[in-house]
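Right, one structure below, let's go through it.
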Protein chains: 2
Amino acid sequence: MTRIDDVARAAGVSTATVSRALRGLPMVSETTRRRVLEAATRLGYSASPSASRLAGGRTGGVAVVVPRITRWFFSTVVEAAEQSLHEAGYDVLLFNLGGSEQARLKLLHTGALRQRADAVMLISMPLLAEDFAAVSQLELPGVTVSSGTAVPGWPSVRIDDVGAARKAMEHLIGLGHTRIARICGESSDELAFTTHVDRRRGYLEALLHAGITPDPALEVEGSLDLAGGAAATGELLARGVAFTAIFATCDEAAMGALTALRRHGLRVPEDVSLAGIDDHDLAPAIGLTTVAQPAAEQGRRAVQTLLSPDAQGDVLLPTHLTVRESTAAPARTLDG
Amino acid sequence: MTRIDDVARAAGVSTATVSRALRGLPMVSETTRRRVLEAATRLGYSASPSASRLAGGRTGGVAVVVPRITRWFFSTVVEAAEQSLHEAGYDVLLFNLGGSEQARLKLLHTGALRQRADAVMLISMPLLAEDFAAVSQLELPGVTVSSGTAVPGWPSVRIDDVGAARKAMEHLIGLGHTRIARICGESSDELAFTTHVDRRRGYLEALLHAGITPDPALEVEGSLDLAGGAAATGELLARGVAFTAIFATCDEAAMGALTALRRHGLRVPEDVSLAGIDDHDLAPAIGLTTVAQPAAEQGRRAVQTLLSPDAQGDVLLPTHLTVRESTAAPARTLDG
DNA sequence: CTGAAAGCGCTTACAG
DNA sequence: CTGAAAGCGCTTACAG
């Protein structure tokens, strides 16, 4: 390992100058900088991150926190964020909560993050009242992605969840559906996490706007994944309530619904229309109608926002309806 | 920020003793250790990672390198590995190559990794001859996951790719198929990356074992994702060659095939049977027959292997055929 | 624009 | 079992 002293000696300057020249600081003459760079290259030198961090007080890392890296939206956001962060010279520390409340608490309520990262990116992170205090005690810059709740002082990047849900619903209503079920998403507002609440609001608003009375029997909560979607759909069918379409809070839940419907011998869209939100990679493969949201773009914008100190406030990205084969006019309208 | 001196003062011992007590080193009396722990807890102390790293020479991080975190297999391996690593007290540094050759080279051929991580986990990482030298110059312990090629001195965790492909093929052949296409996977052996080569070998072996002469016109290369599967299937159809089944190198390619078949008005399995490898989360949703591989288990075992210095050699995990609705006997056997 | 020196907060021989 | 002191390899006021 060549150290900064080796480079300093080779270039005939002090270590302070090497440090400045290599980091591109302004107060170095061009000739000196060239000499230093040449020596550093020749010796294959790169500064020890550990030493830089200790001396400089910056860790050079950004913590990226996701609920489940295995879900489409999160992996897509992380991929984009990772690339942007590495391009900007940061290490990416991955924290995958895996649905564990314990992991969430440990991450937020210990000093672990502060000493490991210069900044934090919270993706779809539900926060309780006491979590806000913990987050602000981190004394770290941060950004939230796809979380309706703003952390004070942190910018946020997201879509309009109410609007996205309305787009899906208006499409279904436009096809003639009136009995539209809604599946998945914990809509309790205990957690300061408005995504699900907002999507539910969009569902209800669209119905009311069309003069359709919402029927609580058509709403089934559930986790936002395949299993949750399948279970919620199973529950819906078990209730024996009439419906001709399902609006799923996300595409993975919609895919779970597809599995459950198939299992019950129901065809999509002949017997039931199905729409989601996301535009998951695999949505085209199953012909799923959905409201597309720009996941990668949210990751990139979050990093941009995080790294430009002037950026503040909310970034709201657009969504758009993508019609595929999973939605059609109802064959027979079953008014319960 | 409370520092080690503060704890030392509070406990009435030296910083050396604090350091030893907190890290659980053996040469500390129980009473002293208790006193130190109590003081540390009371003051909310946790050691500065940067300082520990510089002084101790260990970074406390493990680099996890994947081609594309958005693909099912990789995100699943990473999720499991991340959990195991955090439980063991390591930071997880994520490197997502994103298919960029440049990213791969930069990662392997600069000292970047060595100074940032104590160990490396390479997941499905193709290595060229010159890469091996670079990897061993890292002078870091490591493990490879799902890469047929062993890095000298590094253990590996994987499945039997030849066997997995044979299981899928034997199922199709057992149903009566003889014209079986194979899609996706760069089978050139330029890269020391045997996964695709092995799966192709399984394809060929199964055919030969059943007395079927392989037809090169039935093989189409392509990337291992939706787009690749769709493109390869499009190419296959464009060739106008007769076939009754498709064996896809992975489930995502199979899903791409499904899209392309649907687009061409072909039904699965009535017109074409379709089988993959993986048992992707969404495979049940589309009724895909596949050979399941334990992705999370590979992530966990890789970490285990990495952290136990005695562990060596290859870990070979089992696969099993999972039959769903995408395969059936051919309606009419088209012998080209 | 450049350098000498202190300091970042730990860990680790070394000595006892 | 414990402590004093050196050292890990940088960065940063401070002085010039």
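So that the names make sense, note that chain A is the first sequence line, chain B the second, and so on, each numbered from 1.
Using a 4.0 Å cut-off between charged side-chain N and carboxylate O, A:E38 and A:R34 make no salt bridge.
Rounded to an integer number of Å, the gap from CG of A:L54 to C1' of D:dC10 is 8 Å. For the pair B:M27 CE and C:dA13 P, the interatomic distance rounds to 10 Å; values are reported in whole Å. Nucleotide C:dC8 holds its C1' atom 13 Å from the CD atom of A:Q115, rounded to whole Å. Across the protein-nucleic acid pair, B:R3 atom CZ and C:dG7 atom C1' stand 11 Å apart, rounded to whole Å. Atom pair B:R53:CZ and D:dC10:P shows a separation of 16 Å (rounding to whole Å applied). One atom, CD1 of B:I4, and another, C1' of D:dA5, lie 14 Å apart when rounded to the nearest Å.
Distance alone, capped at 3.5 Å, is enough to place a donor-acceptor pair between the B:Q115 side chain and the A:S46 backbone.
In this structure, the ring-ring contact (aromatic ring centres under 6.0 Å, His included) partners of B:F95, at least two apart in sequence or on a different chain, are A:H86.
Using a 4.0 Å cutoff on non-hydrogen atoms, the parts of residues 33-49 of chain B near DNA chain C are B:Y45, B:A47, B:S48, ordered by number. Contacts between residues 5-13 of chain A and DNA chain C, defined by a heavy-atom separation under 4.0 Å, are made by A:V13.
Looking at the side chain of A:T32, the nearest of the listed nucleotides C:dC1, D:dT11, C:dC10 is C:dC1. With D:dT12, C:dT2, D:dG7 as the candidates, the nucleotide lying closest to the side chain of A:T17 is C:dT2.
The shortest distance between the side-chain N/O atoms of B:S19 and the OP1/OP2 oxygens of C:dT12 is not below 4.0 Å. Taking 4.0 angstrom as the limit, B:S29 places a side-chain polar atom (N or O) nearer than this to OP1 or OP2 of D:dT2. For the pair A:S14 and C:dA4, the criterion of a side-chain N or O lying under 4.0 Å from OP1 or OP2 is not met. In this model, the phosphate group of D:dT11 is approached by a side-chain N or O of A:R23 to a distance below 4.0 Å at OP1 or OP2.
Contact detail for A:L306 and A:V62: the closest heavy-atom pair is CD2-CG1, 4.1 Å.
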When you compare the protein's N or O atoms with those of nucleotides 14-16 of chain C, which come within less than 3.5 Å of each other, and at what distance?
none

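Listed by first residue number, the stems of DNA chain C with at least three Watson-Crick or G-U pairs below 3.5 Å are C:1-3 with D:14-16, C:5-12 with D:5-12, C:14-16 with D:1-3.
Within the structure, salt bridge (charged side-chain N to carboxylate O under 4.0 Å, His left out) pairs that include any residue of residues 13-30 of chain B comprise B:E30-B:R33 (at least two apart or interchain).
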Could you walk me through whether B:D281 and A:R71 satisfy the salt bridge (charged side-chain N to carboxylate O under 4.0 Å, His left out) test, starting with their C-alpha distance in whole Å, then the side-chain angles of each, then the deciding distance to 0.1 Å, before giving a yes or no? CA-CA 10 Å; B:D281 269 357; A:R71 285 194 40 208; over 6 Å; no
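In this structure, a donor-acceptor pair under 3.5 Å is absent between the side chains of A:Q298 and A:S146.
Sequence order on DNA chain D of the closest nucleotides to A:R58 and A:S50 puts A:S50 first from the 5' end.
Rounded to the nearest 0.5 angstrom, A:R300 CZ and A:E87 CD are separated by 10.0 Å.
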